[in-house]
Protein chains: 4
Amino acid sequence: SETEPGGEAVRGYDFRGEFDLGEMLEAYATTGFQATHLAEAVDIAKQMREEDAKIYLTLTSNIISSGLREVVAYLVREGFVDVIITTSGSLTEDVIKTEKPFKMGEWDADEAELREEGINRLGNIYVPSDRYVWLEEYLYDFFDDFFAEEKVRTPTEFSRELGKTLDDPDSVLKQAADNDVPVYCPALNDAEVGNFLYYYRKQHDTDIGIEIMADYDDLIENGMLADTTGLLVVGGGVPKHHAIMTNLFRGGADYAVYISTGMEGDGSLSGAPPNEAVSWGKIKEEETNYTQVQAEATLVFPLLVAGAFADT
Amino acid sequence: SETEPGGEAVRGYDFRGEFDLGEMLEAYATTGFQATHLAEAVDIAKQMREEDAKIYLTLTSNIISSGLREVVAYLVREGFVDVIITTSGSLTEDVIKTEKPFKMGEWDADEAELREEGINRLGNIYVPSDRYVWLEEYLYDFFDDFFAEEKVRTPTEFSRELGKTLDDPDSVLKQAADNDVPVYCPALNDAEVGNFLYYYRKQHDTDIGIEIMADYDDLIENGMLADTTGLLVVGGGVPKHHAIMTNLFRGGADYAVYISTGMEGDGSLSGAPPNEAVSWGKIKEEETNYTQVQAEATLVFPLLVAGAFADT
Amino acid sequence: SETEPGGEAVRGYDFRGEFDLGEMLEAYATTGFQATHLAEAVDIAKQMREEDAKIYLTLTSNIISSGLREVVAYLVREGFVDVIITTSGSLTEDVIKTEKPFKMGEWDADEAELREEGINRLGNIYVPSDRYVWLEEYLYDFFDDFFAEEKVRTPTEFSRELGKTLDDPDSVLKQAADNDVPVYCPALNDAEVGNFLYYYRKQHDTDIGIEIMADYDDLIENGMLADTTGLLVVGGGVPKHHAIMTNLFRGGADYAVYISTGMEGDGSLSGAPPNEAVSWGKIKEEETNYTQVQAEATLVFPLLVAGAFADT
Amino acid sequence: SETEPGGEAVRGYDFRGEFDLGEMLEAYATTGFQATHLAEAVDIAKQMREEDAKIYLTLTSNIISSGLREVVAYLVREGFVDVIITTSGSLTEDVIKTEKPFKMGEWDADEAELREEGINRLGNIYVPSDRYVWLEEYLYDFFDDFFAEEKVRTPTEFSRELGKTLDDPDSVLKQAADNDVPVYCPALNDAEVGNFLYYYRKQHDTDIGIEIMADYDDLIENGMLADTTGLLVVGGGVPKHHAIMTNLFRGGADYAVYISTGMEGDGSLSGAPPNEAVSWGKIKEEETNYTQVQAEATLVFPLLVAGAFADT
Ligand SMILES: NC(=O)c1ccc[n+]([C@@H]2O[C@H](COP(=O)([O-])OP(=O)(O)OC[C@H]3O[C@@H](n4cnc5c(N)ncnc54)[C@H](O)[C@@H]3O)[C@@H](O)[C@H]2O)c1
Ligand SMILES: NC(=O)c1ccc[n+]([C@@H]2O[C@H](COP(=O)([O-])OP(=O)(O)OC[C@H]3O[C@@H](n4cnc5c(N)ncnc54)[C@H](O)[C@@H]3O)[C@@H](O)[C@H]2O)c1
């Protein structure tokens with residue numbers, strides 16, 4: 001007994017006419033494999049916008065190391081994003097980049113040589129050590145003010161107050177501060193901001209601290225107040241889990257788009273596809289409310305933004 | 001001793017103005033990680049065109065299962081590709097698609113159910129079994145003519161003569177036949193075309209055969225005659241190795257772009273990055289003549305084509 | 001000019017005689033690809049033991065979800081591990097498992113059905129919801145005591161005091177508490193322990209908090225006091241970075257073994273191989289002091305333990 | 001409504017007593033993630049043996065590059081394997097290794113330097129160029145005899161006759177020839193054996209050829225005669241597809257174990273898990289007759305052999 005399946009015909013983009021990105025992304029829907037998922041991601045993100053969902057953008061730190069920083073800043077500046085959840089490398093590097101750029105480098109550089117030249121390597125991106133010298137001074141000044149008010153602060157206060165001091169329109173922290181977008185970062189110590197906090201506490205006042213439960217409450221409760229939520233999950237780790245776990249309290253996120261290189265078969269949270277979150281109630285189960293694009297984010301995130309958040 | 005590294009500043013696409021794909025792809029160069037490699041791939045492919053290199057396009061069969069088939073047909077139709085190397089699923093499926101489309105499906109379908117419905121699954125693409133019924137008849141007719149001429153034929157003859165019978169402008173085989181682009185396929189038996197050859201030989205004449213050394217000689221010698229060669233390697237496997245191995249005879253390919261999901265650490269040919277081929281003399285060592293994009297091809301191959309082979 | 005390279009001959013395990021695991025792992029050294037890395041990992045771990053290095057074990061939460069929990073508990077019980085760094089799912093799940101097991105399940109289960117049956121899925125592992133009901137009560141009792149002493153506590157205090165309440169010799173937290181092994185977990189809120197803290201704070205006292213800088217100082221300073229340090233990094237994420245970042249303060253870890261499925265090409269911290277940490281000074285550069293095994297941990301971690309930490 | 005799921009409790013290996021590999025592999029069944037799949041693989045392979053299934057071992061060429069060559073030779077020597085399907089690099093390299101070893105090397109060697117030193121790199125394995133000089137002479141002698149008999153030969157004849165000339169008990173080709181195990185290799189030209197065939201034909205006789213359809217018929221028909229078949233699929237590519245495609249003719253393989261690093265989401269044949277083959281009828285659908293271990297083969301294939309094919 002044979003059935004003609006109901007799906008659309010597989011057919012790729014037609015390069016015959018004048019090139020049109022919107023049409024190409026539509027053709028991705030019927031191109032198959034991951035292209036289809038990218039087209040779904042664009043559709044789901046558009047739905048988030050149409051329904052005025054509270055949009056959570058979660059980011060691993062290397063997104064800010066890369067040129068996606070400027071793309072994220074655009075999204076925040078234009079009011080497309082309501083919540084950011086990230087790890088502390090993002091904060092460190094966004095601040096540095098307001099003053100001094102990172103540089104394109106090589107994956108297979110000689111590490112010992114780099115070490116001698118004072119160049120730190122992040123994949124194919126170089127961060128010269130002088131950036132951290134500058135950052136140290138910048139942060140010590142900031143800490144003086146920040147901890148003067150109160151000794152024990154939260155990561156969202158940290159990122160907001162730090163963002164306010166910045167002056168670069170392509171800074172994610174600055175745009176977040178200006179647009180009232182909270183930046184959650186529970187493991188705030190786990191990067192150079194943590195290192196400088198360590199030195200600062202030692203030299204000034206060991207009663208200074210970072211408390212993380214108040215932020216968690218906020219994140220949960222703001223989620224519960226939202227009519228509709230949508231997740232843009234770029235990379236995995238703590239930011240991804242923070243978003244889906246706190247959406248559990250409202251019965252699951254309404255929409256979710258994951259962009260990830262994670263491997264499902266390792267049982268990791270980072271590799272878990274959106275449907276795993278359904279069993280937990282972290283994402284709602286509907287027909288077309290979630291997808292995952294298996295891809296390195298620098299390749300596809302700009303396309304997602306072009307397709308769903310820009311006038312192309 | 002500190003050095004400011006010489007590379008360009010890391011900086012992503014600026015979504016402020018009107019969207020422009022060409023500018024976005026240029027911004028990929030300074031976005032880092034794989035985006036930088038895609039920008040390199042576009043540049044290298046442009047160089048291949050400028051220097052009028054003999055361009056080898058190698059494809060795994062699933063590229064033809066997907067909507068990239070139409071994109072490949074475009075490249076051949078426009079004269080951008082000089083040699084195709086692939087596996088036999090490509091031939092099988094390109095022919096079917098001239099008559100009946102594949103359909104979009106689901107990765108996690110119930111396999112036993114699909115089996116009952118006569119639907120074969122290729123990732124998230126469905127191929128109903130009636131396609132193979134149609135193909136059988138089509139191929140038997142073709143075989144009658146093809147083997148009437150000579151009993152032992154080569155894969156390039158097979159694909160050329162088969163292509164000539166087709167009538168779909170989006171067929172890769174048809175375009176290849178029309179544009180004198182040879183289609184190499186050493187393991188011609190390893191797909192449904194092989195199965196139908198098996199039945200046909202059994203019923204008609206077991207002296208019918210496919211001989212693979214003549215093609216290999218051609219491929220080597222045509223490579224040696226070329227002033228400049230460039231490889232567009234989409235996926236890995238036999239097609240990839242066939243291209244680099246035969247370029248060894250001319251002292252290595254001049255340009256190479258790989259698009260792959262392969263894993264370097266498994267020591268596979270499919271996962272081997274272009275620099276491994278340098279030690280063998282399969283690719284020439286120069287500054288900027290090769291790159292690899294680690295990505296699923298449906299996501300990035302249309303962008304490569306848009307950037308290097310279309311007027312965008 | 002040809003050179004015979006100096007390396008050992010490639011040669012695999014000889015199954016002719018009686019099987020011997022130690023010999024098989026030695027043969028891995030000359031088997032190539034990742035097997036060679038596993039053999040290196042065993043050697044490096046043995047060196048850590050011989051030099052009485054302070055051993056940091058970093059774990060993603062899913063390691064505790066899996067049967068590696070018992071293997072980790074063994075390492076702690078036997079005194080082989082000095083510091084644990086992990087994420088909060090580990091704490092949550094280690095406690096549950098002292099009372100009720102997780103169950104083997106299926107990757108491709110029907111999520112909506114699981115949801116109805118109250119079964120949460122973690123890869124191919126099932127966690128029935130009643131586990132969290134039990135946990136809630138257990139933790140509320142624990143919180144009463146824990147926060148009675150002081151309102152703002154640290155993650156290491158949390159795991160130590162919680163561990164002391166447990167009674168299962170296969171509990172990692174219990175063994176850590178008994179053997180004075182601190183368990184660092186900066187993003188303590190990012191799991192069910194965080195959820196129950198949220199409820200508890202709401203019901204009892206919102207002044208309760210978790211402060212994360214004091215732990216960071218300890219981790220740095222204990223690292224600086226150590227003569228020699230060695231890292232066993234299982235999975236990536238915050239735990240991995242926490243270990244290498246704090247070893248920066250002592251000029252880098254002396255030894256490092258990574259087990260990871262991460263992808264280098266995505267520029268992520270999780271995918272970064274040990275040599276990237278060399279440019280930062282997070283791992284010392286010597287001949288044979290670090291390696292990475294690209295593998296899912298359940299496959300190889302027991303072999304590493306068998307080879308370096310058990311009498312086989 | 002809550003259900004206690006029926007699966008076994010998740011629980012890892014107990015290192016307390018004396019180490020026992022068999023018990024460790026049993027504990028893998030309840031360790032979760034990929035360890036569970038490796039335990040399934042051992043069970044399924046044991047079932048193949050118990051039911052005296054015709055066992056097909058498929059191999060990518062790099063398996064022979066690595067120390068798994070000796071493990072494969074063991075399996076053939078002991079009569080555990082009935083059919084081998086591979087690619088031509090395997091043939092090339094098995095012959096070389098009878099005379100001269102490959103050497104352990106480095107992944108990140110300087111390629112241009114290697115090139116000057118005449119060292120070819122295969123992952124972390126080095127093959128000095130003199131091996132190919134030796135091979136050339138060896139093969140030319142072999143070709144003289146081989147093509148004297150008949151001008152157009154098949155890949156299975158090629159590997160059998162070549163194997164008969166070899167004298168190394170660890171040679172896969174020799175053991176296969178001695179034990180009447182056919183070695184299928186449709187794309188026989190795609191490696192150095194092909195290159196030397198090219199030169200030889202040019203110098204001696206261009207009527208010499210390799211015909212691939214006769215082998216395909218044999219493979220299909222021998223499969224149809226078997227009561228029970230079992231597949232051990234190591235890596236992907238043509239060998240994997242050749243095995244499952246020809247098992248289609250008998251209604252599917254009865255048992256299948258895949259070991260692979262392939263990615264499902266790229267829609268490739270190499271990444272397709274066994275259940276995809278069910279929809280095609282290439283593998284039979286039963287409860288526990290197939291599994292896949294997502295792993296680099298050098299790490300787990302020796303364990304599979306130890307668990308199912310050796311007295312441990
Ligand atoms: N069981 C759980 O995984 C679980 C439960 C509750 C909460 N969480 C939370 O989710 C967040 C993210 O989890 P995470 O940071 O522990 O790590 P993760 O699961 O996100 O993994 C990070 C990386 O580690 C590597 N990795 C993971 N598992 C591996 C394995 N089995 N073998 C080899 N490499 C592996 C992968 O590269 C992965 O991308 C944390 O805050 C954690 O507390 C997780
Ligand atoms: N040593 C060599 O690899 C070598 C030498 C000469 C010629 N060649 C030729 O290159 C062509 C392509 O090689 P191929 O078809 O043998 O396969 P391949 O090396 O391209 O691998 C195909 C797939 O198998 C899987 N795989 C490979 N190695 C694995 C491992 N160690 N563990 C787990 N999975 C693994 C991966 O998913 C990979 O993408 C063939 O024609 C072959 O003859 C290869």
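No other option in D:Thr261, D:Asn275, D:Thr246, D:Leu114 has as many heavy-atom pairs under 4.5 Å with chain B as D:Asn275. Heavy-atom pairs under 4.5 Å with chain D peak, among B:Pro186, B:Gly123, B:Pro155, at B:Pro186. Highest contact tally toward chain D, considering only B:Ala109, B:Gly281, B:Ala295, is held by B:Gly281 [criterion: heavy-atom pairs under 4.5 Å]. Comparing B:Ala214, B:Gly237, B:Ala112, B:Ser66 by how many heavy-atom pairs each has under 4.5 Å with chain D, the most go to B:Ala214. Top candidate by heavy-atom pairs under 4.5 Å with chain B, chosen from D:Glu285, D:Met263, D:Glu113, D:Glu264, is D:Glu264. Note: D:Ala191 leads D:Ala272, D:Ala191, D:Gly271, D:Gly236 in heavy-atom pairs under 4.5 Å with chain B. Ranked by heavy-atom pairs shorter than 4.5 Å toward chain D, the options B:Leu197, B:Asp110, B:Thr60, B:Asn124 are led by B:Leu197. Most heavy-atom pairs under 4.5 Å with chain B: of the set D:Gly209, D:Ser88, D:Ser270, this distinction falls to D:Gly209. Taking chain B as the reference chain and counting heavy-atom pairs below 4.5 Å, the highest number among D:Thr87, D:Val152, D:Ile212, D:Asp266 is found for D:Ile212. Between chain B and the options D:Gly262, D:Gly265, D:Ser61, D:Gly235, heavy-atom pairs under 4.5 Å are most frequent for D:Gly265.
Under the side chain to side chain contact (heavy atoms under 4.5 Å, CB included) criterion, B:Glu70 pairs with A:Arg11, B:Asp170, not counting sequence neighbours. Listed by chain and residue number, B:Phe142, B:Phe146 satisfy the ring-ring contact (aromatic ring centres under 6.0 Å, His included) test with B:Phe158 (two or more places apart in sequence, or in another chain). Residues forming a side chain to side chain contact (heavy atoms under 4.5 Å, CB included) with B:Ala297 (at least two apart in sequence, or on another chain): B:Ile63, B:Leu68, B:Val234, B:Ile259.
In this structure, chain B has no heavy atom under 4.5 Å from any part of D:Tyr200. Within the 4.5 angstrom heavy-atom criterion, no atom of D:Tyr126 approaches chain B. Contacts of B:Tyr199 with chain D are made by side-chain atoms alone, with heavy-atom separations under 4.5 Å and no backbone atom involved. Neither the backbone nor the side chain of B:Tyr184 comes within less than 4.5 Å of any heavy atom in chain D.
Residue B:Glu221 places its CD atom among more than 12 non-hydrogen atoms of other residues, nucleotides or ligands, all under 6.0 Å distant.
Smallest separation of non-hydrogen atoms from B:Glu276 and D:Leu122: OE2-CA, 3.6 Å. Across all non-hydrogen atoms, the minimal contact from D:Val278 to B:Glu111 is CG1-CB, 3.8 Å. Summarising the geometry of D:Ser279 relative to B:Asn120, their closest heavy-atom pair is O-OD1, 3.5 Å, with the distance given to 0.1 Å. Nearest heavy atom pair, residue B:Ile210 against residue D:Glu211, reads N-OE2, 2.9 Å. The two residues D:Met213 and B:Arg201 have their closest heavy-atom pair at O-NH1, 3.5 Å. Between B:Trp280 and D:Arg121 the shortest heavy-atom distance is NE1-O, 2.7 Å.
Looking at D:Asp190, D:Asn195, D:Asn189 one by one, the single match for side chain to side chain donor-acceptor pair (under 3.5 Å) with B:Tyr216 turns out to be D:Asn195.
Heavy-atom proximity under 4.5 angstrom to chain D picks out B:Leu248, B:Phe249 from residues 247-254 of chain B.
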